[in-house]
Amino acid sequence: MEYLESLNEPQREGVINTEGPCMIIAGAGSGKTRVLTFRIAHLMHSNGVDPFNIMALTFTNKAAKEMKERIEKVVGSDARNLWMGTFHSVFLRILRREADLLGYPSSFSVYDTDDSKTLLRQIIKELQLDDKVYKPNVVFNRISGAKNKLISWQEYVNNPQIRADDELAMRPRMGELYKTYSDRCFKASAMDFDDLLFNTNVLFRDHPEVLHKYQHRFRYILVDEYQDTNYSQYLITKKLAAVHQNICVVGDDAQSIYAFRGADIRNILNFEKDYPDLKVIRLEQNYRSTKVIVNAANSVIANNKAQLKKEVWTANDEGELIELLRANSDNEEARLVATSIFEQKLNHQIKNNEIAVLYRTNSQSRAIEEALRRSNIKYKIIGGLSFYQRKEIKDLLSYLRFVINQNDEQALRRIINLPKRGIGQGTIDKIVVAADQHQVSLWDVVSNVMRYLNGRITNTVDQFATMIKSFMAVVKKKDAYEAASYIAKHSGLLRELYEDKTIEGLNRYENVQELLNAIKEFVDNKEIEDKSLDTFLQEVALITSVDEDTDDDEEKVTLMTIHMAKGLEFKVVYLVGMEEDLFPSQMMLTSREDLEEERRLFYVAITRAKQKLFLSYANTRYRFGHLKSCEPSRFLDEVDPSCIKVNKKVSQPVEMPRQTSHYAKSLVSGMKKESKPAQNNMYTHKPSPDFAPSDTSNLKEGMRVEHPKFGFGKVVAMDVGGASRKAKVMFDNFGEKTLLLSFAKLKIHST
DNA sequence: GCGTAACCTGTTTTT
DNA sequence: CAGGTTACGC
């Protein structure tokens with residue numbers, strides 16, 4: 001096998017140890033994808049395994065596609081028969097096939113996060129609950145969290161611990177919301193993202209014969225990015241692998257950054273317990289980055305307690321030192337980055353597409369964009385609002401969805417008055433009431449409106465129903481493209497957009513055309529047999545922004561969040577906004593685990609760089625409309641100082657905020673970092689490990705409170721200016737701070 | 001039912 | 001500050 005020649009020893013082990021459970025701990029840049037690719041190729045090529053018997057789960061559809069292409073290069077077109085994709089897409093496929101066992105039609109809809117939250121907003125309103133207490137976001141996260149831990153609504157309402165938690169959080173009716181939400185989704189023949197995994201578990205639990213079928217079919221199971229799987233995903237793979245035990249997980253605990261989405265790092269930390277004869281392989285040699293970058297990353301991650309033992313090293317050159325750019329404002333930071341990029345291109349012949357600017361939050365992209373535009377540097381932004389989340393796209397998709405699945409309530413509500421046809425909130429309410437009274441679906445009422453309602457609007461509603469019925473007929477006869485363009489034209493959506501001559505309207509029109517083009521491409525694809533609209537919708541449900549094709553032929557600097565950068569690499573990386581409260585994010589500072597996840601995020605950012613890393617921070621930044629002073633991030637202190645060079649080119653003296661971190665102080669005084677951290681700074685206050693923020697609705701002047709970062713303090717004033725609820729607190733060590741109460745996490749200690 | 005204007009509120013990451 | 005929501009007048 002000539003491909004084995006190009007691998008180092010542990011990599012080869014990872015490729016040829018195909019039988020039995022196997023865990024590959026792959027440090028950043030250690031050639032993980034290569035090993036995975038070759039492992040699959042080896043299975044097929046040398047061991048003669050039918051690709052039909054292999055399931056490979058990846059983190060994004062894009063990763064799956066790329067890996068498939070790479071495997072194809074080694075073993076040929078056989079690779080197409082591999083089951084490869086994200087957990088969501090692979091099990092969506094299985095669920096469609098087995099849907100009737102769960103009481104769903106196989107054409108069920110998939111609700112995205114938007115649909116879910118809209119539905120929750122409706123339910124909260126219907127139950128007459130206060131949406132300030134039951135914030136759709138909070139409720140959604142709570143339900144999502146439960147589902148990811150495989151807690152059904154029945155178990156949820158019957159669990160005294162959970163009930164106590166909800167009551168403590170002043171949200172006693174959460175279980176009811178969970179139940180209603182589940183009911184409504186089921187009635188709408190819809191599953192949300194979490195349901196796809198949850199219901200797969202239900203399917204395997206309640207239908208042993210189905211589980212059995214897939215257990216025997218998938219003799220080899222591979223899971224990439226295992227550190228980012230949640231309990232639900234963990235159990236699916238465990239069950240599927242139970243018979244053959246040929247499970248191979250690949251991951252890096254140091255790069256687990258999705259706990260907020262339910263990822264459980266313990267899945268990888270405890271993997272050994274499930275499979276006592278587990279073969280553990282460590283890929284510790286980094287082929288990607290310079291020594292400086294590897295050392296810096298190691299020095300940072302060493303601060304985390306929860307991690308698997310591993311030592312990443314590299315035989316690469318020492319490389320250039322990391323540069324620290326200091327700016328007085330976010331705009332100046334952006335200018336410094338732009339200037340530096342210009343210099344890199346000029347002096348080191350670096351191309352645009354070898355450069356990335358990474359940030360913690362999407363909102364930080366603005367300043368950078370502006371500066372790059374002014375410097376005539378081409379750039380592209382990855383992430384943010386995805387194509388499939390745009391209003392006009394969701395509008396047309398809702399039409400298509402509804403024509404396929406008339407139970408889809410969210411889709412119906414979206415399109416019934418779009419474009420405006422005089423069916424307003426009042427009419428919709430009447431329809432809902434009628435449907436409820438007669439115990440029929442909304443579509444039953446709409447399609448037989450004369451039977452259930454009377455009055456002026458029945459005519460309009462009836463016209464709408466007739467239109468939908470005609471669409472349903474078209475879909476039966478035509479392929480996806482013809483059906484979709486017919487619907488786009490005859491629904492009036494295209495006309496409305498066409499008549500909008502503003503630049504935005506033009507854009508939207510083009511976007512819809514683009515969607516139609518995508519459908520055309522789907523129809524023209526020779527590999528797909530079934531060209532119905534139905535099939536297209538199934539494919540499209542799980543497409544996300546990462547998967548979208550970006551015009552790579554053009555040379556552009558890449559701008560994205562650190563999360564999006566996982567799995568990518570660039571010669572030169574700029575990590576901007578290295579400020580306390582921003583990175584680590586102030587929302588993540590309540591527990592040690594949270595801080596460790598932020599630190600892993602920092603680790604991911606550093607290790608994206610192959611040759612050169614720039615870190616930057618600003619002393620002031622616009623945050624929610626106001627200019628705020630910022631302090632350098634504590635993370636800067638954690639980077640091995642011998643890896644950093646402070647950029648001397650900053651002309652203006654750096655104005656320091658009142659509370660400066662140790663690192664900032666050492667910069668001012670020109671001291672080396674060996675000196676002790678200053679007393680009374682943020683490191684000295686450690687919130688108790690069980691720091692649970694109190695409910696602050698009764699917060700009053702004079703109360704003594706604890707803040708996870710600023711420590712203890714006393715409330716000196718309430719409701720200071722502005723519309724939002726704010727409190728002014730005098731902290732023992734940090735002076736006076738004004739905190740936004742909806743946002744700040746405070747623990748009340750005494751009155 | 002619809003459009004406008006005043007008003008409110010919030011800030012993380014995304015399959 | 002900006003985007004979303006509500007209230008009100010037509």
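What's counted below: heavy atoms across the whole structure, side chains too, no hydrogens, waters or symmetry copies. Owing to the predicted nature of the structure, the values given are computational and were not obtained by experimental measurement. Chain letters run A, B, ... following the sequence lines, proteins first and then strands; every chain starts at 1.
The distance between atom CE of A/M560 and atom C1' of B/dT14, rounded to the nearest whole Å, is 14 Å. As rounded to whole Å, 12 Å separates atom P of B/dT12 from atom CG of A/D581. Following rounding to the nearest Å, A/D264 (CG) and B/dT15 (C1') show an atom-to-atom distance of 17 Å. Rounded to whole Å, the distance from CG on A/N141 to C1' on B/dT15 is 14 Å. Taking atom CG of A/D114 as the reference point, atom P of B/dT15 lies 13 Å away to the nearest angstrom. Between A/I257 atom CD1 and B/dT12 atom C1' the separation is 12 Å, expressed in whole Å. As rounded to whole Å, 19 Å separates atom C1' of B/dT15 from atom OH of A/Y111. Going from atom CZ of A/F87 over to atom C1' of B/dT14 covers 16 Å, rounded to whole Å.
Among the nucleotides C/dG3, B/dG10, B/dT13, the one closest to any side-chain atom of A/F260 is B/dT13. In this structure, of B/dG10, C/dA2, B/dT14, it is B/dT14 that holds the atom nearest to the side chain of A/R261.
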Are A/H563 and A/Y359 close enough, and set up right, to give a ring-ring contact (aromatic ring centres under 6.0 Å, His included), and what steps lead you there? CA-CA 9 Å; A/H563 282 88; A/Y359 34 79; over 10 Å; no

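With hydrogens and angles ignored, a donor-acceptor pair under 3.5 angstrom links the side chain of A/R360 to the base of B/dT13. A donor-acceptor contact under 3.5 angstrom links the side-chain atoms of A/H88 to the base of B/dT15.
Using modelled atom types, one finds no donor on one side chain facing an acceptor on the other under 3.5 Å when comparing A/T58 with A/D224. For the 3.5 Å distance criterion, the side chains of A/Y181 and A/D192 qualify, holding a donor opposite an acceptor. Side chains of A/Y111 and A/D408: a donor-acceptor N/O pair is present below 3.5 angstrom, by distance only.
Geometrically, A/R600 does not engage A/Y603 in a cation-pi contact defined by less than 6.0 Å to the ring centre and at most 45° from the axis. For A/K628 and A/Y622, the positive end is not near the middle of the six-membered ring at less than 6.0 Å and at most 45° from its axis. With a 6.0 Å cutoff to the six-membered ring centre and a 45° limit on the axis angle, A/R96 counts as a cation-pi contact of A/F108.
Contacts with DNA chain B (heavy atom under 4.0 Å) in residues 144-152 of chain A: none are found.
Between A/K32 and A/E225, at least one side-chain nitrogen of the basic residue sits less than 4.0 Å from a carboxylate oxygen of the acidic one, meeting the salt-bridge criterion.
With sequence neighbours excluded, no residue forms a side-chain hydrogen bond (donor to acceptor under 3.5 Å, both in side chains) with A/N141. In this structure A/K117 satisfies the salt bridge (charged side-chain N to carboxylate O under 4.0 Å, His left out) test with no other residue, sequence neighbours excluded. By the side-chain hydrogen bond (donor to acceptor under 3.5 Å, both in side chains) test, A/D115 is found to be paired with A/K394, A/R401, residues two or more places apart in sequence or in another chain being considered.
A/S363 has no side-chain polar atom (N or O) that falls below the 4.0 Å cut-off from OP1 or OP2 of B/dT12.
Across all strands shown, A/N362 has heavy atoms under 4.0 Å from sugar-phosphate atoms exclusively, and none from any base. Among the heavy atoms of the strands, none lies under 4.0 Å from A/Y622.
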Let me have a per-nucleotide readout for nucleotides 1-6 of chain B, 5' to 3', with B, S or -, counting only protein heavy atoms under 4.0 Å. SSS---

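Between A/F59 and A/S585, the residue anchored nearer the 5' end of DNA chain B, judged by the nucleotide with its closest heavy atom, is A/S585.
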Between protein and nucleotides 5-10 of chain C, what N or O pairs are separated by less than 3.5 Å?
none

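Ring geometry for A/F635 versus A/F602: interplanar angle under 30°, hence parallel rather than tilted (30 to 60°).
Between the P atoms of B/dT13 and C/dG4, the separation comes to 15 Å (whole Å).
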